[in-house]
Amino acid sequence: MNTPTKPVFAGQEPDLISPDSADALDDAEDADEFSAGVDDLAPISLKLDASSCGVRLDKVLSSRLPQYSRARLQQWIDSGHVLVDGKVAKAKSGMLGDELITLQPQPSNSDFAFQPEPMALEVLHEDESIVVINKPVGLVVHPAAGNWQGTLLNGLLHRWPQLAGVPRAGIVHRLDKDTSGLLVVAKTLSAQTHLVRQLQERSMGREYLALVWGQPISSGRIEAAIGRHPRDRTRMAVSKSLLAKSAVTHYSRVANGVLDGKAVALLRCKLETGRTHQIRVHLQSIGFPLVGDAVYGKQHLVGVFPRQALHAERLALQHPANRRESCEWTAALPADMSELLARAGIDVAAA
């Protein structure tokens, strides 16, 4: 087994990656998993002194080995990779203060999250500074709990090895696993910095097509802060919490339709900000959840479509190498969403 190398992506500012995105955890939480990196799997020996008398084994290790997360240390104790005076011990075991602790670090799935993997990618544009990719449904953008391999990041590192020297392999924004469409990736640190600045200044244009239940008014602006759901941390919600982040979504109705006897509408959504699950949360908050959304949608109607009906259709930005050059790309709807609209009686070409 190859020893994993420490990822160069750890410790980046979480807000640099935010658009209508995210897998189960946000970047701030992912960072703890990558913080240790494991450059050396050699055994570690610790000789305790009187200051550890009466302190539990897990707490002693946590204070003496801050480079490892508590969860990882707990796993190593439970799996017998931590010995106290040559014997396996429990996490809650109290120390006397003169023990010799031997720990054998073990690699975890997250240590291999940044390995290059061959992957078919639909590249719509490439130059010396950026790559624009049409992401398919089912592809996770960035490694996170439950998805340490097979992500877009792994594919980027295989196709462009030089991206190992750019934070997060050049990724500056994300899409949900089951959202299709356009993503821009920076090939250099300077390009990434400029693209992130465009996101922060809200000058990057991102437009989505979404099929929702119901038929909202012809156009509208949703301004509502988004934060973690108070009871379910895998979900986001409109929130008045001080930790919630401002979020603005503009939408316009493109066409009306009927799906399985129920009214639906095709909306064009423009992101002014980019928060986790922003479009899905905002539209649900005003009573028009996305068709097929298993998290925020109508639960009794989820089976109508196997994913949220959301596609990142248009991307517009100032080219980071020539900052006066405006660039724009569009991506056609994937086959499954085109078929869904046809079922709803919506002629995409006419709309």
Side-chain angles (χ1 to χ4, degrees), residues 9 11-23 25-31 124-127 129-135 140-144 151-153 156 163 166-177 179-210 221-227 236 243-251 268-282 310-331:
F9 313 99
Q12 301 303 312
E13 286 293 330
D15 282 346
L16 300 189
I17 309 270
S18 57
D20 187 61
S21 83
D23 313 296
L25 300 176
D26 64 21
D27 297 319
E29 292 168 311
D30 296 346
L124 301 187
H125 172 84
E126 179 184 0
D127 58 40
S129 299
I130 61 174
V131 177
V132 177
I133 291 171
N134 187 15
K135 188 191 85 68
V140 174
V141 171
H142 192 279
T151 70
L152 174 62
L153 182 144
L156 293 173
L163 291 179
V166 183
R168 299 186 186 274
I171 295 171
V172 295
H173 64 119
R174 300 193 294 181
L175 297 175
D176 292 321
K177 174 183 178 181
T179 297
S180 57
L182 296 172
L183 279 169
V184 62
V185 176
K187 294 177 71 176
T188 67
L189 181 58
S190 61
Q192 186 181 51
T193 300
H194 190 261
L195 291 174
V196 167
R197 185 173 296 118
Q198 290 185 53
L199 286 169
Q200 293 172 334
E201 294 174 350
R202 306 182 181 184
S203 61
M204 185 180 293
R206 291 160 291 156
E207 295 185 8
Y208 295 68
L209 290 176
R221 179 178 187 271
I222 308 170
E223 182 172 3
I226 292 176
M236 308 301 289
L243 299 177
K245 297 180 180 179
S246 63
V248 179
T249 303
H250 301 266
Y251 71 88
R268 180 177 298 281
C269 300
K270 297 181 180 181
L271 290 179
E272 188 172 317
T273 57
R275 307 305 180 199
T276 300
H277 300 170
Q278 179 173 319
I279 291 175
R280 299 163 65 188
V281 171
H282 268 177
L310 185 63
H311 173 68
E313 183 200 36
R314 176 181 174 271
L315 176 68
L317 53 85
Q318 299 294 314
H319 196 284
N322 180 358
R323 301 181 185 184
R324 291 176 293 181
E325 178 184 356
S326 296
C327 303
E328 181 176 323
W329 298 270
T330 58

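We use all heavy atoms of the structure for the numbers below, so side chains are in, but hydrogens, waters and symmetry mates are not. Index from 1, following the sequence.
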Closest heavy-atom pair and its distance - [X], [Y]:
| X | Y | answer |
| --- | --- | --- |
| Ser129 | Ala191 | O-CB, 3.5 Å |
| Ala224 | His282 | O-NE2, 2.8 Å |
| Val166 | Gln192 | CG1-OE1, 3.6 Å |
| Trp329 | Leu182 | O-CD1, 3.3 Å |
| His311 | Asn134 | CE1-OD1, 4.3 Å |
| Ile226 | Ala247 | CD1-CB, 3.9 Å |

Would you compute the distance between atom [atom1] of [X] and atom [atom2] of [Y] and round it to the nearest 0.5 angstrom?
| X | Y | atom1 | atom2 | answer |
| --- | --- | --- | --- | --- |
| Ile171 | Leu183 | CD1 | CG | 8.0 Å |
| Leu152 | His142 | CG | NE2 | 10.0 Å |
| Ser246 | Glu223 | OG | CD | 7.5 Å |
| Met236 | Lys245 | CE | NZ | 8.0 Å |

I would like to know whether Arg268 and Glu313 meet side chain to side chain contact (heavy atoms under 4.5 Å, CB included); could you show each step before the answer?
CA-CA 9 Å; Arg268 180 177 298 281; Glu313 183 200 36; 2.5 Å; yes

Is there a side-chain contact between [X] and [Y] in this structure, where contact means two heavy atoms from C-beta onward sitting under 4.5 Å apart?
| X | Y | result |
| --- | --- | --- |
| Leu315 | Met204 | yes |
| Ile133 | Leu156 | yes |
| Val141 | Arg168 | no |
| Arg206 | Cys269 | no |

Between the side chain of [X] and the main-chain N/O of [Y], is any donor-acceptor distance below 3.5 Å?
| X | Y | result |
| --- | --- | --- |
| Thr273 | Val248 | yes |
| Gln198 | Gln318 | yes |
| Lys187 | Asp127 | yes |
| Lys135 | Asp176 | yes |

Side chain to side chain donor-acceptor pair (under 3.5 Å) partners of Glu328, counting only residues at least two apart:
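Once residues adjacent in sequence are excluded, the partners of Glu328 under the side chain to side chain donor-acceptor pair (under 3.5 Å) criterion are Arg314.
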
Should the ring pair His319 and His125 be called parallel, tilted or perpendicular, given that the plane angle runs from 0 to 90° and is split at 30 and 60?
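Taking His125 first and then His319, their aromatic rings stand perpendicular (interplane angle over 60°).
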
From the list Leu195, Val132, Leu199, side chain to side chain contact (heavy atoms under 4.5 Å, CB included) with Leu317 holds only for Leu195

I'd like to know whether Glu272 forms a side-chain hydrogen bond (donor to acceptor under 3.5 Å, both in side chains) with Thr249, so could you lay out the CA-CA distance, the side-chain angles of the two residues, the decisive distance to 0.1 Å, and finally the verdict.
CA-CA 6 Å; Glu272 188 172 317; Thr249 303; over 6 Å; no

